[in-house]
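Notes follow the structure.
Proteins get letters first, then strands, A, B, ... in listed order; numbering begins at 1 in each. Quick note: numbers below take in every heavy atom, side chains included, and nothing from hydrogens, waters or symmetry partners.
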Amino acid sequence: MKLATWNVNSLKVRLEQVQHWLVDNSPDCLCLQETKTTNEDFPHSVFTEMGYNSLYNGQKTYNGVAILSKHPVKDPVYDIPGYDDHQKRVVSADIGGIRVVNCYIPNGQDLGTEKFLYKMEWLAALTKYLETLHPKDHPVIVTGDFNIAPTDLDLWDPDGMRDQIFCSKDERDHLQRIFDLGFSDCFRQDNPEVRQYSWWDYRQGMFRQNKGLRIDLVLASAPLKEVHRRSFIDPAPRKSERPSDHTPVISEFSGPLKSPGNTTIP
DNA sequence: ATGACTATACAATATAGA
């Protein structure tokens with residue numbers, strides 16, 4: 001199971017890039033964020049023709065998430081159950097025996113703002129929902145654009161950004177609560193020391209200078225730890241013409257799962 | 001420098017992103 005996450009910052013603008021990336025990389029599952037597309041306008045037939053099922057939860061102008069999968073998509077869930085949110089930020093489903101939760105976590109703007117409070121409330125609701133999935137003994141992947149850099153190794157300028165948005169204590173405390181449920185950060189588990197980013201600001205030639213943040217994550221629950229093979233970031237799409245400001249993050253899993261049902265990951 | 005880019009909605013600017 002090769003799973004990837006990519007904030008495309010408008011699926012309409014990036015559709016051809018997504019198609020090329022699927023052909024070149026052949027992931028089993030691609031989780032998209034910021035599709036900025038209504039369900040009515042979602043280009044599902046483009047993906048069907050490429051052999052991908054799609055599941056989408058979108059809206060006009062902002063937000064929007066989708067899961068593309070070569071394998072059957074079972075038991076879809078839209079949004080965070082029990083949490084009243086008009087912004088379309090979550091879609092999840094069972095894929096090959098793994099519950100995949102695709103998230104676009106709120107940006108938060110700046111500490112102390114209304115948007116930051118929304119981010120905090122939203123993360124609390126997500127964590128509460130993830131707990132109901134029993135990640136300590138069920139295979140669960142929670143992935144997407146977290147808008148949180150887990151540690152200072154994930155920031156190009158830790159001193160300049162100290163205690164600011166994307167790396168504040170409050171945000172990292174929320175991430176820690178998710179880790180406490182039994183999730184781990186796949187990229188960091190596989191690459192303990194490396195400084196690599198998944199997002200670079202469009203302005204000031206930040207990508208050229210490699211001044212970025214690692215805020216796009218794949219978190220795998222405890223039963224997936226032993227079948228996690230490798231994780232990496234593909235900077236290629238960020239180099240293309242008219243790129244998204246984010247680039248894909250990929251995690252690979254294989255082998256038999258001890259629970260539930262002793263299934264083997266496709 | 002409340003800037004710099006980019007996308008969207010909408011028609012000259014405004015909101016949002018990270």
Round to a whole Å and report the spacing from [atom1] of [X] to [atom2] of [N].
{"X": "A/Glu114", "N": "B/dT15", "atom1": "CD", "atom2": "C1'", "result": "16 Å"}
{"X": "A/Asn7", "N": "B/dT6", "atom1": "CG", "atom2": "C1'", "result": "12 Å"}
{"X": "A/Asp41", "N": "B/dA7", "atom1": "CG", "atom2": "C1'", "result": "15 Å"}
{"X": "A/Gln204", "N": "B/dA1", "atom1": "CD", "atom2": "P", "result": "14 Å"}
{"X": "A/Trp156", "N": "B/dA18", "atom1": "CH2", "atom2": "C1'", "result": "13 Å"}
{"X": "A/Leu15", "N": "B/dA7", "atom1": "CG", "atom2": "P", "result": "14 Å"}
{"X": "A/Tyr202", "N": "B/dG3", "atom1": "OH", "atom2": "P", "result": "18 Å"}
{"X": "A/Lys12", "N": "B/dT6", "atom1": "NZ", "atom2": "C1'", "result": "15 Å"}

Is there a donor in the side chain of [X] and an acceptor in the side chain of [Y], or the other way round, less than 3.5 Å apart?
{"X": "A/Ser254", "Y": "A/Arg229", "result": "yes"}
{"X": "A/Ser231", "Y": "A/Gln189", "result": "no"}
{"X": "A/Thr113", "Y": "A/Asp110", "result": "no"}
{"X": "A/Asp79", "Y": "A/Asn57", "result": "yes"}
{"X": "A/Trp156", "Y": "A/Asn210", "result": "no"}

Give [X] one of three labels, base, sugar-phosphate or nothing, depending on what nucleic acid heavy atoms sit under 4.0 Å from its own.
{"X": "A/Gln109", "result": "nothing"}
{"X": "A/Phe207", "result": "nothing"}
{"X": "A/Leu213", "result": "sugar-phosphate"}

[X], nearest nucleotide to its side chain (from [options]):
{"X": "A/Asp245", "options": "B/dA16, B/dA7, B/dA18", "value": "B/dA18"}
{"X": "A/Arg203", "options": "B/dA7, B/dT15, B/dA4", "value": "B/dA4"}
{"X": "A/Lys60", "options": "B/dA7, B/dA9, B/dA4", "value": "B/dA9"}

Donor-acceptor pair under 3.5 Å, A/Asn107 side chain vs B/dA18 base: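 Side chain to base: pair found, below 3.5 Å.
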
Rounding to the closest angstrom, what is the interatomic distance between [N] and [M] at atom [atom1]?
{"N": "B/dA4", "M": "B/dA18", "atom1": "C1'", "result": "14 Å"}
{"N": "B/dA14", "M": "B/dT2", "atom1": "C1'", "result": "14 Å"}
{"N": "B/dG3", "M": "B/dA16", "atom1": "P", "result": "14 Å"}

Within less than 4.0 Å of OP1 or OP2 of [N], is there a side-chain N or O belonging to [X]?
{"X": "A/Thr61", "N": "B/dT15", "answer": "no"}
{"X": "A/Lys115", "N": "B/dG17", "answer": "yes"}
{"X": "A/Asn9", "N": "B/dA7", "answer": "no"}
{"X": "A/Arg14", "N": "B/dA7", "answer": "yes"}
{"X": "A/Tyr104", "N": "B/dA18", "answer": "yes"}

Pairwise 5' ranking along DNA chain B for A/Pro243 and A/Asn147, keeping only the more 5' one: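 Looking at the nearest nucleotide for each, A/Pro243 comes out on the 5' side.
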
Residue mapping more 5' on DNA chain B - nearest nucleotide basis, A/Leu11 or A/Asn63: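 Looking at DNA chain B, the more 5' nearest nucleotide goes with A/Leu11.
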
Cation-aromatic face contact A/Arg89/A/Tyr104, 6.0 Å, 45 degrees: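 Pair A/Arg89/A/Tyr104 counts as cation-pi.
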
